[in-house]
Each structure stands twice: as structure tokens, then as C-alpha cells.
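Along the sequence shown, the residues carry numbers beginning at 1. Only heavy atoms go into these numbers, but all of them, side chains included; no hydrogens, no water, no symmetry mates.
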Amino acid sequence: MSGSSAFNAAVCIMGILIFSIHTVNIILKKKKRKDEKRLLLFFIFTIVHFATYLTFTFLKISPLSNGLVIGFYTTFYIFNNVEALLLFLYMVSYVELSDKTQKILVISNFIVFFIFVALDILNVFTGIFFGAENGRYFRQNTMILSQGYQFMTFAITVFVTVTHKKLNVREKTAFALYCILPLVAIIFQNIFKGYAIAYASIVVAAEILFFFISVQKNIELAEQQERNKETRIRLMISQIQPHFMYNSLSAISTLITIDPPRAQASLDDFTEYLRHNLSSLTEEGLIPFERELKHIKTYISIEKMRSNERVNVIYNVSTTDFFVPPLSIQPIVENAVKHGILQKIEGGTVSIDAYETARAFVVEVKDDGVGFDFSAVNFDDNEHFGLNNIRFRIAKMCGGKLDVKSEKGKGTVVTVTFMK
């Protein structure tokens, strides 16, 4: 085996081992981020890519036909383009772009990708990029043009990531190095023919990308957990306000002499309400919607007792088989009661709907209360139970979204969508 073949084989074996370790690590994770699923696909394909090149490296020890040489090198050139495409798709899933921008970039990239793949296949019949004589590979002067897709994709990736305002220096550096190192390696590979310098650069660049992104995501996870904890504390404090506790206990005290059984039931509800709010402080993950619904019913029972039955609730729950962040739906219901129907002398009705669609579980909280001018309300304050904080937790913890619609004098509708 020649020195270049030994170098190429060592690079491939090292790459296969490293990418296999990362692949197993991602597969074994119970909860995978969206970008990690794309990264997993990238790693798996890279393993196949390197294994194919390793096989060819050993086959070259024996004489090969011109057709086999052209077939293998055509496969490698196509694989290189696929490698660049998968990196691009990973970048798109990692970076938050507008739907329109993302769609334009992806469609344009796929069009250019298929054009260059077609040119690689056309080379088999025309030899415009490379050929083979006596079982040996040789390049044409136009060979560098076959790598145009990689240059273009790497340039776009660098531009998008470096100019993106939400990415920090660590993330920008990771993507930039992954693109720049292979580009430099391709240039050197055309000088030092026979050595798979580009493959070695992919291993180094991928390791830098994986390490930098992993560190960044661990930092974001720690920050998110801290913010979730602060949000839960703020929500709990906003709900267990002194006047709420005082009024509830006063109402229960009155019932003790008038209706002892109802007083006992109300005291049990009040105790359960406090217990659930306090336990939510230690909840790190999602809880079954059934538990959140039970907490809602406990709260409604207390409000009915406090308001002399001015609160009416209709439950249209067709499914409970999904998970939600703790204290995510109940504060919305509480908001509908206190700032919606109880602002009317006669009270009103809150409707709680939970249903399933093909792609999501949906919870709607509708009231026929006083409504409000949506554009004039700041949802960050405690008065409205920090709906922006609830929206943040729903988005970060389960990829859901929260929408509010209201009309003054007619009521409010809050729709929470939990993607499957």
C-alpha cells in the first residue's frame, strides 16, 4: 500500500469511529432537538461516505478497470455534494429564519444540487471533469468546476450564520470553520494529488462544529431551566395572592355554619389548589394534561364558591392523552374568570375545549366576558398572569404556541397548540 493510500485509509477509519460515537450518542438521547435529528442524518451519511471511500482505497491495491474507477469517483463526487447539502439543511434547521427566506434558500439549493449531480453523471459519458486510463484516475483542467456546488453552499452557509443577529460568536465560528476548512482542503487536495485532505478536514471541522454547538446548547439549556423556574415562581406568586387566600378562607368560614359539608369540600379544594401550585415549583418537565385539567376544576370549584355561582364552566374535552407544562392552561382559565366574566355583574361562562388534530393537540379557553383591546394590553405584568411567559414555556418545553383573540364587550379566546 502506498503512502497516500495508507493516509487515506487512516483518515477514513478515524472518521468512521468518531462519527459512529456521535451517532450512537444522539440515538440514545431520549429527547432530541430538531437540529439534532438533522445532525444525526449528517453523521450517518458521513459514515457511509467514509466507508465507501475506505473500501475503494483497499480495492485500488489491485488493478481496476476504467469503468470501475470512473464509477467510484463519480460516486465520491456526488457524495461530496450530498455532504454539503446535509450541512446546509442542518444549518437551516439550527438558524431561525423566516418561513419565506427558508423556503427560498432550500428550493434554490436543491435546484443547484440536482444540476451539479446531473453534471457528475454526465461526466461518465463525456469526461468533462475526470476520466480513467489503464485503470488510473486523471483530472481534467475543468475538474474544479465540479465542486462548484460545495463552494456555493459553504459560502451561503457562512454568510447566513455570520450575519445572523441571534447567533453568538461561538456558533458563528463553528459554522464558518466547518465551511472554510474543507474549502481550503479542496484547494490543497488539487495540489497534493492522491491524498484525501478534504476528508481529513471534514473530520476536524465536524468535531469543531459538534463541540461548539454542544457547549452552546448546554448553556442555553441551563439558562432555560433557570428561566422556567423563575417563571413558575412568578406564576405561583401571582396566583396565591393574599386577597385570594383571604377571600377564599372567609367564604369557607361562612359556609361552616350554613353548609358544613360544602365547607369541608371547599376546604379540600383549597388545600389541593395550594398543593398543586407549590408542587409545580419542583416540576422540571411536562405533566399529563389530565393533571392540569384536574387543577383547573379545583380552581373553578373555589371560584364558584367565592362568587356565589356567577362562574359557569363548560368542558368539551375529547382527549387528555397529551402532555403540557405545569401551570400552563390553569392560569389562562383563571385570567378568563377574573378579568373576563367576573367583571360582569351577572357573571358568565368559560368554555374549555381540548381536541386532537392530525398534527397537534389543541386547547381553547373561551369566555363571554368583557373582552379588551388586545393591542393596548401588556401581558408581561402579573395582572394578566404573564401570558408572554406562559407562551415562552409552551414554545421551549414542547414546541407549542399560544394565540389570543379578544373583542371588547364580547369576550376572549385563547388557543394553545401543542405540536405532536
Side-chain angles (χ1 to χ4, degrees), residues 8 12 15 38-57 59-60 64-93 97 100-133 135-160 175 178-190 193-194 196-199 201-202 205-206:
N8 297 344
C12 289
R38 290 278 177 89
L39 190 61
L40 177 62
L41 181 61
F42 174 79
F43 283 155
I44 291 174
F45 178 80
T46 304
I47 292 171
V48 175
H49 188 177
F50 278 46
T52 304
Y53 194 83
L54 178 64
T55 302
F56 180 67
T57 299
L59 287 176
K60 282 199 303 182
L64 299 175
S65 66
N66 291 342
L68 195 56
V69 171
I70 292 176
F72 266 109
Y73 275 100
T74 299
T75 301
F76 299 145
Y77 279 97
I78 293 175
F79 275 14
N80 289 338
N81 288 336
V82 175
E83 196 92 31
L85 173 65
L86 292 176
L87 172 73
F88 174 81
L89 294 177
Y90 169 66
M91 181 274 292
V92 169
S93 69
L97 300 172
K100 183 178 180 180
T101 301
Q102 182 173 316
K103 187 176 181 180
I104 292 173
L105 282 176
V106 171
I107 292 176
S108 301
N109 195 285
F110 267 105
I111 291 174
V112 178
F113 168 78
F114 284 115
I115 290 174
F116 274 90
V117 169
L119 289 174
D120 287 332
I121 296 174
L122 183 64
N123 175 81
V124 175
F125 307 100
T126 63
I128 56 175
F129 299 135
F130 64 87
E133 287 183 359
R136 295 181 66 84
Y137 164 84
F138 68 88
R139 296 183 176 94
Q140 302 286 9
N141 293 331
T142 55
M143 192 278 298
I144 193 69
L145 298 177
S146 68
Q147 296 163 341
Y149 172 75
Q150 298 166 59
F151 283 97
M152 182 207 71
T153 301
F154 288 155
I156 293 174
T157 300
V158 170
F159 176 78
V160 171
F175 280 104
Y178 187 92
C179 297
I180 293 171
L181 288 178
L183 288 178
V184 173
I186 289 172
I187 295 172
F188 276 98
Q189 189 164 307
N190 284 287
K193 298 178 180 179
I197 300 173
Y199 283 71
S201 72
I202 289 175

Check whether any side-chain N or O of Ser108 sits under 3.5 Å from a backbone N or O of Leu105 as a donor-acceptor pair, and report yes or no. no
With side chains defined as the heavy atoms from C-beta onward, is the minimum distance between Ser146 and Leu119 less than 4.5 Å? no
Yes or no on side chain to side chain contact (heavy atoms under 4.5 Å, CB included) for Val69 and Phe138, after CA distance, side-chain angles and deciding distance? CA-CA 10 Å; Val69 171; Phe138 68 88; over 6 Å; no
Got Phe154 and Ile180 here, is their nearest side-chain heavy-atom distance under 4.5 Å? no
Considering only heavy atoms from C-beta outward, does the side chain of Val160 approach that of Phe175 to under 4.5 Å? no
Atom CG in Leu39, atom CD1 in Ile44: separation rounded to 0.5 Å? 10.0 Å
Compare every heavy atom of Thr142 with every heavy atom of Phe129, then report the nearest pair and how far apart it is. CD2-O, 3.5 Å
With side chains defined as the heavy atoms from C-beta onward, is the minimum distance between Phe130 and Tyr73 less than 4.5 Å? yes
Distance from Ile47 atom CD1 to Phe43 atom CZ, nearest 0.5 Å? 9.0 Å
Should Tyr178 and Thr157 count as side-chain neighbours, where that means a heavy-atom distance under 4.5 Å? no
Near-ring test Tyr77/Phe116, centroid separation under 6.0 angstrom: no
In terms of the angle between their ring planes, are Phe45 and His49 parallel, tilted or perpendicular, with boundaries placed at 30° and 60°? tilted
List the steps and the verdict of side chain to side chain contact (heavy atoms under 4.5 Å, CB included) for Ile144 and Arg139. CA-CA 9 Å; Ile144 193 69; Arg139 296 183 176 94; over 6 Å; no
Pairwise side-chain contact, Thr46 with Glu83, heavy-atom cut-off 4.5 Å (strictly under): yes
Checking Cys179 against Leu87 for the side chain to side chain contact (heavy atoms under 4.5 Å, CB included) test, could you report, in this order, the C-alpha distance in whole Å, the side-chain angles of both residues, the deciding distance, and whether it holds? CA-CA 9 Å; Cys179 297; Leu87 172 73; 4.1 Å; yes
Are the aromatic rings of Phe76 and Phe56 close, with centres under 6.0 Å apart? yes
Say you draw a straight line from CG of Leu41 to CG of Leu86; how long is it, rounded to the nearest 0.5 Å? 5.0 Å
For a side chain to side chain contact (heavy atoms under 4.5 Å, CB included) check, start with the C-alpha distance between Ile78 and Ile121, then their side-chain angles and the critical distance, and finish with the verdict. CA-CA 9 Å; Ile78 293 175; Ile121 296 174; 4.2 Å; yes
Heavy-atom closest contact (Asn66 atom, Arg136 atom, distance): OD1-N, 4.4 Å
Hey, are the side chains of Tyr149 and Ile115 touching, using non-hydrogen atoms and a 4.5 Å cut-off? no
Among Ile70, Thr75, Thr74, Leu68, which residue meets the side-chain contact (heavy atoms from CB on, under 4.5 Å) test with Phe72? Leu68
Non-hydrogen side-chain atoms of Leu85 and Thr153 separated by less than 4.5 Å: no
For Phe159, I'd like to know if atom CZ has over 12 heavy atoms of other residues, nucleotides or ligands within 6.0 Å. no
